[in-house]
J.: 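I have a structure I would like to understand better, so I am pasting it below and will then ask my questions one at a time.
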Amino acid sequence: MPGGDFDEALNEVTRDIADVGAVEVITTTAVHLMSAAAVKCGLADDAETQTDLDEARKLINALAGLITAGAPEISDMHARSLRDGLRTLQLAFREASTIPDAPGAGPGEKWTGPVA
């Protein structure tokens, strides 16, 4: 039957995700966004070819929005470490950028306030 394998795989993934708690989904998503943003900020092994500050800005903005919206739903312990990671990325972005953003206009600062 065409599509049978795909449907079966989709059902398996759906069942798996149903077993995962919201806190784990939020934190895992944040970690993926952090990792991608770190690479795009030039913090990976091959900074010369992987740095893309336009992409990094988008990822950091999405991360800041997720952390800001999700923080009340997850424990303070999780939220604190995610905020620390976000701040580190915001500072790395600022350092990598040749044209500095105005205070409060950097990536994610709409949700976090100015980062210095």
Side-chain angles (χ1 to χ4, degrees):
M1 170 180 208
D5 291 337
F6 175 77
D7 292 339
E8 187 176 314
L10 182 60
N11 286 337
E12 186 174 323
V13 170
T14 303
R15 279 192 304 269
D16 291 344
I17 201 78
D19 297 333
V20 180
V23 171
E24 187 175 347
V25 172
I26 293 167
T27 56
T28 300
T29 302
V31 169
H32 285 295
L33 288 168
M34 280 184 192
S35 298
V39 169
K40 297 300 183 181
C41 280
L43 301 176
D45 295 337
D46 192 8
E48 280 188 33
T49 62
Q50 296 174 334
T51 300
D52 184 336
L53 295 181
D54 183 51
E55 290 290 303
R57 180 182 297 277
K58 292 171 188 171
L59 291 162
I60 294 169
N61 277 327
L63 175 63
L66 175 63
I67 292 172
T68 301
E73 307 301 328
I74 62 177
S75 71
D76 184 56
M77 175 185 72
H78 292 297
R80 191 175 328 117
S81 26
L82 292 176
R83 283 188 194 107
D84 290 345
L86 171 60
R87 183 174 188 281
T88 299
L89 287 169
Q90 289 172 308
L91 292 172
F93 181 94
R94 190 172 290 281
E95 186 175 311
S97 182
T98 56
I99 303 170
D101 291 312
E109 291 181 356
K110 173 181 179 179
W111 294 278
T112 64
V115 175

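FYI, the numbering just counts along the sequence from 1.
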J.: Closer than 4.0 angstrom, basic N to acidic O: yes or no for K58 and D54?
T.: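 Judged by the 4.0 Å cut-off on N to carboxylate O distance, K58 and D54 do form a salt bridge.
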
J.: Would you give me the side-chain donor-acceptor pairs under 3.5 Å for residues 64-75, sequence neighbours excluded?
T.:
residue : atom : partner : partner atom : Å
T68     : OG1  : A64     : O            : 2.8
S75     : OG   : H78     : N            : 3.4

J.: Hey, quick one: are V23 and L33 part of the same hydrophobic cluster, counting side-chain heavy atoms closer than 4.5 Å, chains of contacts allowed?
T.: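 Yes, one cluster joins them.
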
J.: Do V39 and L53 land in one hydrophobic cluster if side-chain heavy atoms of ILVMFWY residues count as linked below 4.5 Å?
T.: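 No, V39 does not connect to L53 through the hydrophobic network.
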
J.: If I compare all heavy atoms of V115 with all of T112, which pair ends up nearest, and what's the gap?
T.: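 Closest approach of V115 to T112, heavy atoms only: CG2-OG1, 3.9 Å.
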
J.: Side chains of P107 and L89: closer than 4.5 Å at any heavy-atom pair?
T.: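 Of all side-chain heavy-atom pairs linking L89 with P107, none is under 4.5 Å.
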
J.: If you take all heavy atoms of L43 and A92, which pair is closest and at what distance?
T.: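 Result for this residue pair: CD1-CB, 3.8 Å.
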
J.: Same cluster or not: are L82 and W111 linked, directly or through other Ile, Leu, Val, Met, Phe, Trp or Tyr residues, by side-chain heavy atoms under 4.5 angstrom apart?
T.: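 Cluster IDs for L82 and W111 differ.
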
J.: For I60 versus A37, what's the shortest heavy-atom pair and its separation?
T.: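 Between these two residues, the closest heavy atoms are CG1-CB, 3.8 Å.
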
J.: Would the distance check show the side chain of E109 and the main-chain N or O of P103 forming a donor-acceptor pair, the cut-off being under 3.5 Å?
T.: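 Such a contact is absent between E109 side chain and P103 backbone.
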
J.: Please report the closest heavy-atom contact between G85 and M34, naming both atoms and the distance.
T.: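 Distance-wise, the nearest heavy atoms are CA-CE, 3.9 Å.
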
J.: I need the R57 CZ to C41 SG distance, nearest 0.5 Å.
T.: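 Here the interatomic distance stands at 10.0 Å.
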
J.: Verify, without hydrogens or angle tests, whether T27 (side chain) and E24 (backbone) share a donor-acceptor contact under 3.5 angstrom.
T.: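 A pair under 3.5 Å: yes.
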
J.: Please check if L63 and I26 belong to a single hydrophobic cluster, counting links between Ile, Leu, Val, Met, Phe, Trp and Tyr side chain heavy atoms closer than 4.5 Å.
T.: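 L63 clusters together with I26.
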
J.: Restricting to non-hydrogen atoms, name the atom on S97 and the atom on P100 that form the minimum distance, rounded to 0.1 Å.
T.: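 So the two residues come closest at OG-N, 4.3 Å.
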
J.: Using modelled atom types only, decide if a donor and an acceptor are shared between the side chain of R94 and the backbone of D101 within a distance under 3.5 Å.
T.: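 It does hold such a pair.
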
J.: Show the nearest heavy-atom pair for residues G42 and A47, with the distance to one decimal.
T.: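 Scanning both residues completely, I find the closest heavy atoms to be O-CB, 3.3 Å.
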
J.: Using a cut-off of 6.0 Å, state whether more than 12 heavy atoms not belonging to D45 lie near its atom CG.
T.: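 Atom CG in D45 is not crowded, with 12 or fewer foreign heavy atoms closer than 6.0 Å.
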
